[in-house]
Novice: 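Handing you this structure, nothing more for now.
Numbers here are sequence positions counted from 1.
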Amino acid sequence: MTTAPESDLVKGYEARAGNRGGCYAEAVIAYASSAERGVEIARDRFRFCPFDWSVNSEIPSVKGFEAASQYVRPEDLAAKGVSWSGRSEPIFS
């Protein structure tokens with residue numbers, strides 16, 4: 001199990017196991033009545049995404065996380081694969 005996409009890990013598993021087995025991923029999407037609301041939801045719920053888990057796991061409290069993530073911008077979320085959309089817009093660009 002990993003918290004980052006690592007193709008070598010999957011390839012190593014397949015080589016040792018002799019079969020593909022299950023591979024799962026998380027899709028982080030915020031869907032709302034408008035793109036503006038979608039951005040608000042994405043920032044509220046997924047501000048941890050720009051940080052690596054080696055950082056997230058060291059933040060000891062909610063207060064610490066809020067301080068660390070207060071400057072996360074929509075473009076920071078998008079750079080890590082977070083998507084948001086309003087009703088009439090495509091989810092993925």
Novice: What pair of heavy atoms forms the shortest contact from F51 to V72, and how long is it?
Specialist: CZ-CG2, 4.1 Å

Novice: What distance separates E40 CD from S34 OG, expressed to the nearest 0.5 Å?
Specialist: 7.0 Å

Novice: Going by the rule ring-ring contact (aromatic ring centres under 6.0 Å, His included), which residues pair with F46 if we only count those two or more places apart in sequence or in a different chain?
Specialist: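 With neighbours one apart ignored, the set is empty.
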
Novice: Does Y13 share a hydrophobic cluster with L9, counting links as ILVMFWY side-chain heavy atoms below 4.5 Å and allowing steps through other members?
Specialist: no

Novice: Which heavy atom in K80 sits nearest to a heavy atom in C49, and how many Å separate them?
Specialist: CG-O, 3.5 Å

Novice: Locate the shortest heavy-atom distance separating A30 from G38; write the atom from each residue and the value.
Specialist: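 Closest approach of A30 to G38, heavy atoms only: CB-O, 3.4 Å.
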
Novice: Listed by chain and number, what are the side chain to side chain donor-acceptor pair (under 3.5 Å) partners of R47, not counting sequence neighbours?
Specialist: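 So R47 forms a side chain to side chain donor-acceptor pair (under 3.5 Å) with S69.
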
Novice: Pairs of donor and acceptor atoms involving the side chains of residues 58-67, under 3.5 Å and at least two apart or interchain, shall be tabulated with distances.
Specialist:
unit_1: S61; atom_1: OG; unit_2: G64; atom_2: N; d: 3.0

Novice: If I take atom CZ from residue R16 and atom NZ from residue K11, how far apart are they, to the nearest 0.5 angstrom?
Specialist: 13.5 Å

Novice: Using every non-hydrogen atom in the two residues, find where S54 and S57 come nearest and quote the distance to one decimal.
Specialist: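 Taking S54 first and S57 second, the nearest heavy atoms are O-OG, 3.5 Å.
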
Novice: Grouping I, L, V, M, F, W and Y whenever their side-chain heavy atoms are under 4.5 Å apart, do I41 and L77 come out in a common cluster?
Specialist: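 Different clusters: I41 never reaches L77 through Ile, Leu, Val, Met, Phe, Trp or Tyr contacts under 4.5 Å.
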
